[in-house]
Asker: 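Please see the structure below; I have some questions.
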Amino acid sequence: MAMDQLRAMRIFVGVIDEGSFSGAARELDMAPPAVTRAIAELEGHLGCRLIHRTTRRLTLTDIGAEYLERVRPLLVDLDDADALATAATGQVQGRLRLTGPAAFLGDSLVAQIADFQRLHPRLTVQLNASTPLDEPDEKSDITFLVHGPEPLDGDIVARVLARTEVLLCASPAYLDAHGRPERPEDLARHQLLAPDVALERRHWEIRHRTGGDVRTVPFGSSAARMTSASPELLIGAVRHGLGITGSLSLAVAEDLRTGRLERVLPDWHIATYRLYAAMPTGRHLPLRVRAFVDFLAERYGGDGPDPWLAAAAPA
């Protein structure tokens, strides 16, 4: 009964974390009826209702909220104990849960995961695309944070994996039709696609790479042909020839390498961001987490030069 109850406790936490029985079934690789049955058996064992169920949502009962508060740290402690025992074998194995922006999780990270899994075939990986985050996702082993230009601060356990520059880019078709800017001032005559965060500053500040020459390219909502909080959407629009945008090198390296996009004003610098691997605080880090972070830091170069700039050179 103890092992069955432990399994039911994990399923209960999974249902709450995923927000649904079907979501927990997918996450735990179980049939939905088995999840429903496990929760019913747990509630029967405890003699109380833990979750209010409606056709639209799930909510915890008062006792369910208290039970979750006690159960979650217990499961974390058990996982930590398992991780310590596994680390003693020196084998990288188990499930690695990764969360980060889709622009990074795509070609760049997947290629590294493939190489890492060839070295460690007993490792499985779960990828969770997210909007940009400022702190670790407590449900993930590693959360990839893109932050800058100033260094990351706060009480966060994180390691720098790479630097990534903001590049101006456009499709060759757009530049053929509208001309290629030669100076920052030329951008005022072009169609700019701006991220919402840039609109808050109302300008791009551009510095020449050879010295201290700094230019300000002003724009507001009226000057930006398209805006979005999603960098991926703006990059998609630029691919279709709608204008010029600023993007992190990690998101457009493959487009630039294949010639689908072209750098604009390559001798001018906008900003440098850092890519971090952030991990939940107060928790033992399993061997698989430490080994993968070490692997990525070696591959991407840590706080060294932007690794995507070299990869962006046309084929």
Side-chain angles (χ1 to χ4, degrees), residues 1-87 93-100 124-145 152-158 276-290 293:
M1 178 62 191
M3 290 302 296
D4 289 341
Q5 184 177 354
L6 177 61
R7 176 173 175 270
M9 289 161 58
R10 291 190 183 279
I11 295 171
F12 168 67
V13 172
V15 168
I16 301 307
D17 286 345
E18 298 301 319
S20 68
F21 282 73
S22 59
R26 288 191 299 270
E27 168 68 17
L28 299 170
D29 194 22
M30 296 175 61
V35 172
T36 302
R37 184 167 58 252
I39 297 301
E41 290 175 354
L42 179 62
E43 290 178 329
H45 171 74
L46 297 173
C48 62
R49 178 65 63 88
L50 299 174
I51 302 173
H52 287 305
R53 306 161 178 80
T54 68
T55 56
R56 293 187 177 182
R57 59 182 299 188
L58 302 177
T59 57
L60 286 168
T61 64
D62 290 343
I63 189 63
E66 293 182 15
Y67 188 71
L68 178 66
E69 188 176 344
R70 297 292 185 92
V71 163
R72 191 187 293 280
L74 173 62
L75 295 178
V76 169
D77 287 344
L78 288 172
D79 289 340
D80 286 350
D82 287 347
L84 284 170
T86 301
Q93 59 186 345
R95 172 184 280 187
L96 191 60
R97 294 163 294 185
L98 309 176
T99 296
T124 63
V125 176
Q126 177 189 349
L127 293 177
N128 301 302
S130 68
T131 56
L133 299 173
D134 295 323
E135 58 185 22
D137 177 3
E138 290 297 321
K139 294 186 293 182
S140 295
D141 295 307
I142 302 172
T143 304
F144 297 103
L145 307 179
L152 187 69
D153 57 10
D155 186 20
I156 296 177
V157 178
Y276 294 87
M279 292 143 281
T281 58
R283 189 182 302 180
H284 172 77
L285 295 181
L287 177 62
R288 60 182 178 273
V289 174
R290 291 182 279 115
V293 171

Asker: Apply side chain to side chain contact (heavy atoms under 4.5 Å, CB included) to Asp4 and Glu41, showing your working.
Answerer: CA-CA 10 Å; Asp4 289 341; Glu41 290 175 354; over 6 Å; no
Asker: Test Glu69 against Leu60 for side chain to side chain contact (heavy atoms under 4.5 Å, CB included), laying out the working first.
Answerer: CA-CA 11 Å; Glu69 188 176 344; Leu60 286 168; over 6 Å; no
Asker: When you look at Met279 and Val293, which way does the side chain to side chain contact (heavy atoms under 4.5 Å, CB included) test go after all the steps?
Answerer: CA-CA 10 Å; Met279 292 143 281; Val293 171; 4.2 Å; yes
Asker: Can you measure from CZ (Phe21) to CD1 (Ile11) and round to the nearest 0.5 angstrom?
Answerer: 10.0 Å
Asker: Find the distance between CG (Leu42) and CZ (Arg7) and round it off to the nearest 0.5 Å.
Answerer: 11.5 Å
Asker: Can you name the closest pair of heavy atoms from Ile63 and Arg49 and give their distance?
Answerer: CG2-O, 3.3 Å
Asker: Give me the atom names and distance for the closest heavy-atom approach of Phe12 to Gly64.
Answerer: CZ-O, 3.8 Å
Asker: Stepwise, does the side chain to side chain contact (heavy atoms under 4.5 Å, CB included) test hold for Ile39 with Leu50?
Answerer: CA-CA 9 Å; Ile39 297 301; Leu50 299 174; 5.7 Å; no
Asker: State, to 0.1 Å, how close Leu58 and Ser20 come at their nearest heavy-atom pair, and which atoms those are.
Answerer: CD1-CA, 3.6 Å
Asker: How close do Asp137 and Thr143 get, counting heavy atoms only, and between which atoms?
Answerer: N-OG1, 2.8 Å
Asker: Taking all atoms of both residues into account, what is the closest heavy-atom pair of Ser140 and Leu98, and its distance?
Answerer: OG-C, 4.4 Å
Asker: Does Arg95 offer a backbone N or O that forms a donor-acceptor pair with the side chain of Arg97 under 3.5 Å?
Answerer: no
Asker: Taking all non-hydrogen atoms of both residues, which atom of Thr61 and which atom of Ile51 are closest, and how far apart?
Answerer: CG2-N, 4.1 Å
